[in-house]
Amino acid sequence: MATDYYAVLGVQRDASQDEIKKAFRRLARELHPDVNPDPKTQERFKEINTAYEVLSDPQKKQVYDLGGDPNSSGGGAGGFGGGFGNFSDIMDAFFGTASQRGPRSRTRRGQDAMIRLDIDLEEAAFGTTKEIQVDTAVVCGTCSGEGAAPGTSAQTCDMCRGRGEVSQVTRSFLGQVMTSRPCPQCQGFGTVVPTPCPECAGDGRVRSRRSLTVKIPAGVDNGTRIQLAGEGEVGPGGGPAGDLYVEIHEKAHPTFQRRGDDLHCTVTIPMTAAALGTKVPLETLDGVKDIDIRPGTQSGQSVPLHEHGVTHLRGGGRGQLIVHVEVTTPTKLEPDQEELLRRLAQLRGEERPQGQFQPGQQGLFSRLKDAWNGR
C-alpha cells in the first residue's frame, strides 16, 4: 500500500481497536483546524481521518492487512477485486463454511454539511471574515462518543458471540447450505449497549449550535463553495466529522449589476448635457468618482473605469466598472425653450432633417445584449 495507516496513527500493526481509537482522538485534538489552522496540519488531519476510517472498520482493516485496497468497490485482497469476494460467498454456501466478515464498527465517518451565506457586493469584491452559526452533530460530552452510560460499557453480544452475524443451515437438493446474515440482536456490531447514554441515546453524538469564523476570499461569486475540513457532522459512535461547505450567495446591489468581474450601471442625462459635455458624480466601490461625459456623447455609449470592478479570484487585478449612458429628450417645453431649440435647429440647418435609415437598427438594450454576447 502507498500509505502506512498504522504509521499515520502511530500504532503497532497488532494494536487493538481501543488503542486505535485513543490514538486517533489524541491526534485529532492536536491537529484539528480550530486548534492549528496551518495548511500542512490540515492535510495531516485529513490523513488521520482516512487512516482511522480504514482501521476502525474490521472489514476494511482485514482487506488492508492482506495488501488490498480497502476503498475499492469489490474489497478483495491481492488484486482479485470483487471476483474473489463473490467466489468466497459461493464456497461458503456449497461447502458449509461460514463467512468471516466480522462485526461492523460502531464508529463511522460523519456526513458533509452545507450552509448558505448571503454577502454584499462589496464583501464579494474585496473579501471579508464572517461569523456563522451552524447546527451539526458533535461528540456527546457525557459518554465521549462511546454510546454507553457513564460507568458502563458495551458488552459482547451473546447471540453471535461478537461475530456480528449468525449462520443458518438449510437443506436443498445440493445438500446442506449455510447462509449468514447480520445478527438481529446487535445489528451486526458484535456488541450491545445494555445501558445507553441518557444524553445521546447510545448514538455517541448530539446536535449542538456553534459559531465558526469563515474567511471569504476576494472575488467570490454566486455559487462559490468554501470547504471547511472536519467541520461537518460528527459520525455515529463519535467518528470523524465530515466537511462543511459554505455556499456564497451575493445580494443584489441597488446601482451595479455584476457580470463576471465587471460591474455595469446606467446613467441618464439630458440631451443638453450630452451635447455640451459634463461630469456626473458616481458612488463606486472605491468612493465617489466623477464620470466624464464628453461633448457629443450619444445614447448607448459607455464610459469604462478600469480597475474599479471586482477583484479577480485567481490572479491579481480587478475588473472594470462600465457606465452606460442614456440620453433623454424633453417631452414638454416652455415657449422660450421651444424658441431656443427652433433657433438652434435653424442655425444647424436641421429644420427639416432627412434622417439616415439603416436596416435592423436596434435599441439601447438590444445593443447592450449583443455587446455582452460578443456580436
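Only this structure's heavy atoms are used, side chains among them; waters, hydrogens and symmetry mates stay out. All figures in this text were calculated on a predicted structure; none of them were measured in a lab.
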Please check this pair: side chain of [X] against backbone of [Y], looking for a donor-acceptor N/O pair closer than 3.5 Å.
X: R205; Y: V234; value: yes
X: D57; Y: S105; value: no
X: R210; Y: T136; value: no
X: Q62; Y: Q59; value: no
X: Q227; Y: R225; value: no
X: H253; Y: T255; value: yes
X: R258; Y: G260; value: yes

I want to check something: taking the side chain as every heavy atom from C-beta on, are [X] and [Y] in contact at a cut-off of under 4.5 Å?
X: E199; Y: C143; value: no
X: I226; Y: P217; value: yes
X: V323; Y: L282; value: yes
X: V206; Y: V138; value: yes

Between [X] and [Y] (salt bridge meaning N to carboxylate O under 4.0 Å), is one present in this structure?
X: R207; Y: E233; value: yes
X: E165; Y: R181; value: no
X: E123; Y: K215; value: no
X: D120; Y: K251; value: yes

* Walk me through it: do V246 and L212 pass the test side chain to side chain contact (heavy atoms under 4.5 Å, CB included)? => CA-CA 11 Å; V246 180; L212 292 176; over 6 Å; no
If every non-hydrogen atom of [X] is compared with every non-hydrogen atom of [Y], which pair is closest and at what distance?
X: L285; Y: A125; answer: CD1-CB, 3.9 Å
X: P103; Y: P58; answer: O-CG, 3.0 Å
X: V139; Y: G238; answer: CG2-CA, 4.2 Å
X: V192; Y: C186; answer: CG1-CB, 3.8 Å
X: E231; Y: L244; answer: O-CB, 3.6 Å
X: L9; Y: R26; answer: O-NH2, 4.2 Å

* Residue pairs passing the side-chain hydrogen bond (donor to acceptor under 3.5 Å, both in side chains) test where at least one lies in residues 148-157, sequence neighbours excluded ->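 Sorted result for residues 148-157: empty, none.
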Would you compute the distance between atom [atom1] of [X] and atom [atom2] of [Y] and round it to the nearest 0.5 angstrom?
X: D336; Y: E338; atom1: CG; atom2: CD; value: 10.0 Å
X: L117; Y: T128; atom1: CG; atom2: OG1; value: 9.5 Å
X: N49; Y: R44; atom1: CG; atom2: CZ; value: 11.0 Å
X: E326; Y: T268; atom1: CD; atom2: OG1; value: 4.5 Å

Atom [atom1] of [X] with >12 non-hydrogen neighbours under 6.0 angstrom:
X: E131; atom1: CD; result: yes
X: Q111; atom1: CD; result: no
X: R13; atom1: CZ; result: yes

* To do: Under the side-chain hydrogen bond (donor to acceptor under 3.5 Å, both in side chains) rule, what do S144 and R25 come out as? Steps first, then yes or no, please.
  => CA-CA 10 Å; S144 300; R25 290 183 175 175; 5.5 Å; no
* To do: Could you please spell out the steps behind the side chain to side chain contact (heavy atoms under 4.5 Å, CB included) verdict for T191 and C157?
  => CA-CA 5 Å; T191 59; C157 176; 5.9 Å; no
* Option passing side chain to side chain donor-acceptor pair (under 3.5 Å) with R318 (candidates D262, D261, D286) ->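 The side chain to side chain donor-acceptor pair (under 3.5 Å) with R318 is passed solely by D286 among D262, D261, D286.
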* Is there a path of hydrophobic side-chain contacts, each under 4.5 Å between heavy atoms of I, L, V, M, F, W or Y residues, that connects I322 with I269? ->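 No, separate clusters.
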* Asked: Can you name the residues that form a side chain to side chain donor-acceptor pair (under 3.5 Å) with R343, not counting sequence neighbours?
  ->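 R343 satisfies side chain to side chain donor-acceptor pair (under 3.5 Å) with Q346 only.
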* Should the ring pair F24 and Y52 be called parallel, tilted or perpendicular, given that the plane angle runs from 0 to 90° and is split at 30 and 60? ->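 The arrangement is parallel - the two ring planes meet at less than 30°.
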* To do: Not counting sequence neighbours, which residues clear side-chain contact (heavy atoms from CB on, under 4.5 Å) with S16? List them please.
  =>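 Scan of S16 (side-chain contact (heavy atoms from CB on, under 4.5 Å), adjacent residues dropped) gives D18, E19.
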* Distance-only donor-acceptor check, side chains Q257 and H264, under 3.5 Å ->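 The answer is no; no qualifying pair exists.
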* Given the rule in the side chain to side chain contact (heavy atoms under 4.5 Å, CB included) test, do Q17 and S56 qualify, once you have shown the distances and angles that lead to the verdict? -> CA-CA 7 Å; Q17 284 294 322; S56 64; 4.1 Å; yes
* To do: Test side chain to side chain contact (heavy atoms under 4.5 Å, CB included) on V303 and D292 and set out the steps.
  => CA-CA 8 Å; V303 180; D292 186 16; 5.7 Å; no
